[in-house]
Amino acid sequence: MSHPPSSVDYESVDTTYLEKRKLKKGAAGWILLASLGVSYVISGDYAGWNFGLAAGGFGGMLVATVLMAIMYTAMVLSIAELSSSLPTAGGGYSFARRALGPWGGYVTGTAILLEYAIAPAAIAIFIGGYVNELIGLNGPLVYAAFYALFVGIHLWGAGEALKIMMGITALAVVAILVFVIGMLPHFSVDNLFDIAPSAGVAGASAFLPEGVMGIWGALPFAIWLFLAVEGVPLAAEEAGDPGRDMPRGIITAMLVLLVFAACVLLLAPGGAGAAAMSEHAAPLVGALQAVYGPDSWAAGFVNLVGLAGLIASFFSIIFGYSRQTFALSRAGYLPRWLSVTGERKVPYLALIVPGVIGFLLSLTGKGDLMITMAVFGATISYAMMTLSHILLRRREPELERPYRTPGGTLTSGVAFVLAIVAFLSTFVVSVEAALWSAVFYAVMLAYFGLYSRHRLVAQAPEEEFEAIARAERELADEEPAPSMV
């Protein structure tokens with residue numbers, strides 16, 4: 001029996017290739033992984049989400065957030081299973097590689113890379129806003145200082161970086177708790193609906209001042225409350241027991257993030273008014289200043305300690321983009337030199353190169369544009385990962401699954417449909433962001449199609465399955481067919 005020719009070509013490498021590309025095993029247990037999941041996202045509670053109030057009013061943002069909470073919860077339950085079954089540093093790329101082949105894996109990995117390379121640029125801009133509130137300093141010097149400091153800490157070592165990140169995240173959580181306690185006595189439902197309905201907009205009301213289209217417009221900003229939690233599996237090769245630790249870590253993180261999202265969405269506009277919060281650079285600080293005065297200790301504390309929330313996400317997403325770059329490079333999809341690790345088992349070039357690109361993007365100062373571009377990449381990866389869950393459940397029922405998704409393919413199917421809806425929303429919010437993201441995609445796909453797909457590394461963990469399957473097919477083809485008598 002003949003088989004169709006493969007769309008990719010493999011090259012074999014010697015043992016020194018993988019020896020130079022090793023990560024530090026056992027650097028993260030499930031508690032550290034849960035902290036990583038919260039850390040990835042927690043900046044979204046401090047800034048960025050509130051632009052959704054301007055896009056759709058409180059009602060539009062509320063509906064959008066509920067929809068995205070359902071999508072993320074279903075997706076997290078799906079990738080909890082995938083990460084326990086396929087624990088490599090490739091994360092979503094490795095899931096899609098197994099289910100959808102090299103093109104599917106590359107499309108997914110590139111989408112994650114788009115998300116993770118651009119999200120820190122948006123966060124750097126928001127950090128500048130918080131630093132400006134504190135000391136009156138903002139702009140390129142602030143962005144450069146934070147990139148240099150936190151890329152530098154990651155170069156020190158994964159275990160050390162993750163422990164520092166856990167401490168920063170704990171501070172950020174304390175600041176959110178202070179915000180919640182401070183705002184609860186001042187909550188009023190009337191404050192949620194103080195944005196006037198837009199004239200001439202069909203279906204506009206106090207609940208939906210921009211009509212139903214406002215829900216579409218708010219979706220990317222609702223995503224910002226959960227964006228990047230799916231990056232926990234990128235630490236799989238550095239986990240002690242990924243089959244057990246990955247599901248526990250990512251599900252715990254998601255539960256914490258759901259609570260935080262509900263708190264900030266209700267209490268910031270509910271205390272200070274949706275209109276005032278819709279364009280504030282630091283909404284949690286602004287809300288506390290509105291009710292306690294600009295010089296109150298609560299506002300000052302949340303501004304100072306709340307900067308840790310932005311730093312935590314900035315810090316952890318740097319970890320995420322480095323691991324995705326490392327995995328794609330190690331397998332030959334990206335230039336192989338990007339995956340070399342040093343004495344401390346850290347992929348230093350995979351940390352530095354995307355960091356330089358992110359810093360250059362931060363110089364635009366367009367945080368909302370960066371958010372939408374990051375969401376463009378993220379939603380593509382979500383659709384691909386949840387589709388991978390569905391396909392692997394059907395094609396490989398015998399695959400070892402230390403954790404199984406409740407609801408099976410129904411759960412991942414819900415996430416898949418909502419991911420496509422969220423992807424379409426990026427075009428509603430900013431055609432410019434969608435077009436720039438599409439240009440990035442076109443360049444990356446051209447690189448793969450014309451060059452790297454002919455130079456994949458057979459011994460890379462994510463590619464070994466395909467190499468074995470191909471060898472088995474070739475062996476079957478060489479066997480003589482049984483004679484027909």
Side-chain angles (χ1 to χ4, degrees), residues 3-10 18 21 23 74-113 230-239 242-243 245-247 250 320 323-334 339 378 380-405 408-409 411-413 415-416 419 445 448 452-453 455-474:
H3 295 271
S6 174
S7 63
V8 298
D9 298 304
Y10 288 93
L18 292 178
R21 291 163 173 81
L23 300 173
M75 181 183 68
V76 160
L77 292 172
S78 302
I79 63 177
E81 176 181 303
L82 291 169
S83 63
S84 71
S85 303
L86 305 168
T88 73
Y93 138 64
S94 63
F95 310 151
R97 173 65 188 84
R98 180 74 168 249
L100 298 162
W103 278 95
Y106 183 74
V107 166
T108 307
T110 304
I112 294 170
L113 204 54
E230 75 281 358
V232 173
L234 294 170
E237 288 185 34
E238 290 152 291
D245 293 341
M246 278 292 151
I250 194 169
R323 271 38 179 191
Q324 188 66 83
T325 303
F326 166 82
L328 288 168
S329 167
R330 179 177 61 181
Y333 290 86
L334 296 180
S339 54
I380 292 173
S381 74
Y382 299 164
M384 298 294 279
M385 287 190 289
T386 50
L387 178 60
S388 298
H389 180 270
I390 294 167
L391 293 176
L392 287 173
R393 272 290 188 100
R394 293 181 177 177
R395 293 176 183 170
E396 299 189 46
E398 76 289 347
L399 181 67
E400 183 182 354
R401 292 174 168 86
Y403 172 85
R404 296 183 68 86
T405 302
T409 56
T411 300
S412 47
F416 175 72
L445 290 174
F448 181 62
S452 66
R453 71 185 178 94
R455 295 166 177 82
L456 300 185
V457 177
Q459 289 89 344
E462 296 86 359
E463 301 300 316
E464 280 186 322
F465 170 77
E466 173 59 25
I468 292 168
R470 177 187 285 196
E472 289 174 346
R473 289 198 302 266
E474 291 173 353

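Across every non-hydrogen atom of Leu456 and Glu463, the tightest pair is CD1-OE1, 4.2 Å. Nearest heavy-atom pair across His389 and Ser412 is ND1-OG, 2.8 Å. Contact detail for Leu392 and Ala99: the closest heavy-atom pair is CG-CB, 3.7 Å. Smallest separation of non-hydrogen atoms from Pro402 and Gly243: CB-O, 3.6 Å. The shortest heavy-atom contact between Ala383 and Ala419 is N-CB, 3.7 Å. Listed here is the closest heavy atom pair of Ala415 and Met75: CB-N, 3.7 Å.
Rounding to the nearest 0.5 angstrom, the gap separating the CG atom in Leu399 from the CG atom in Leu86 is 5.5 Å. To the nearest 0.5 angstrom, Phe95 atom CZ is 10.5 Å from Thr108 atom OG1. In this structure, Leu82 CG and Leu77 CG are separated by 11.5 Å, a value rounded to the nearest 0.5 Å. Rounding to the nearest 0.5 angstrom, the gap separating the OG atom in Ser381 from the CG atom in Leu113 is 11.0 Å. Here the CD1 atom belonging to Ile112 is positioned 4.5 Å from the CD atom belonging to Gln324, to the nearest 0.5 angstrom. Rounded to the nearest 0.5 Å, atoms CD1 (Ile390) and OG1 (Thr411) are 10.0 Å apart.
Using cut-offs of 30° and 60° for the angle between ring planes, the Tyr106 and Tyr333 rings count as parallel.
In this structure, Ser85 contributes its side chain and Glu400 its backbone to a donor-acceptor pair below 3.5 Å. Under a 3.5 Å cut-off, the side chain of Ser329 and the backbone N or O of Phe326 do not form any donor-acceptor pair. Without hydrogens or angle criteria, Ser452 side chain to Leu334 main chain gives no donor-acceptor distance under 3.5 Å.
Under the 4.5 Å side-chain criterion, counting only non-hydrogen atoms from C-beta, Val8 is in contact with Phe448. Proximity of Met246 to Ile79: side-chain heavy atoms (C-beta onward) are nowhere separated by under 4.5 Å. By the 4.5 Å heavy-atom criterion applied to side chains, Val107 and Leu100 are not counted as neighbours. Looking at heavy atoms from C-beta onward, Trp103 lies in side-chain contact with Arg453 at the 4.5 angstrom threshold. Contact check for Arg97 versus Pro102: side-chain heavy atoms found under the 4.5 Å cut-off.
Every residue meeting the salt bridge (Lys or Arg N to Asp or Glu O under 4.0 Å) condition with Glu81, not counting sequence neighbours, appears here in chain and number order: Arg393, Arg401.
The only member of Pro461, Pro242, Ser83, Pro233 that meets side chain to side chain contact (heavy atoms under 4.5 Å, CB included) when paired with Thr88 is Pro461.
In this model, a donor atom of one side chain and an acceptor atom of the other lie less than 3.5 Å apart for Glu230 and Tyr382.
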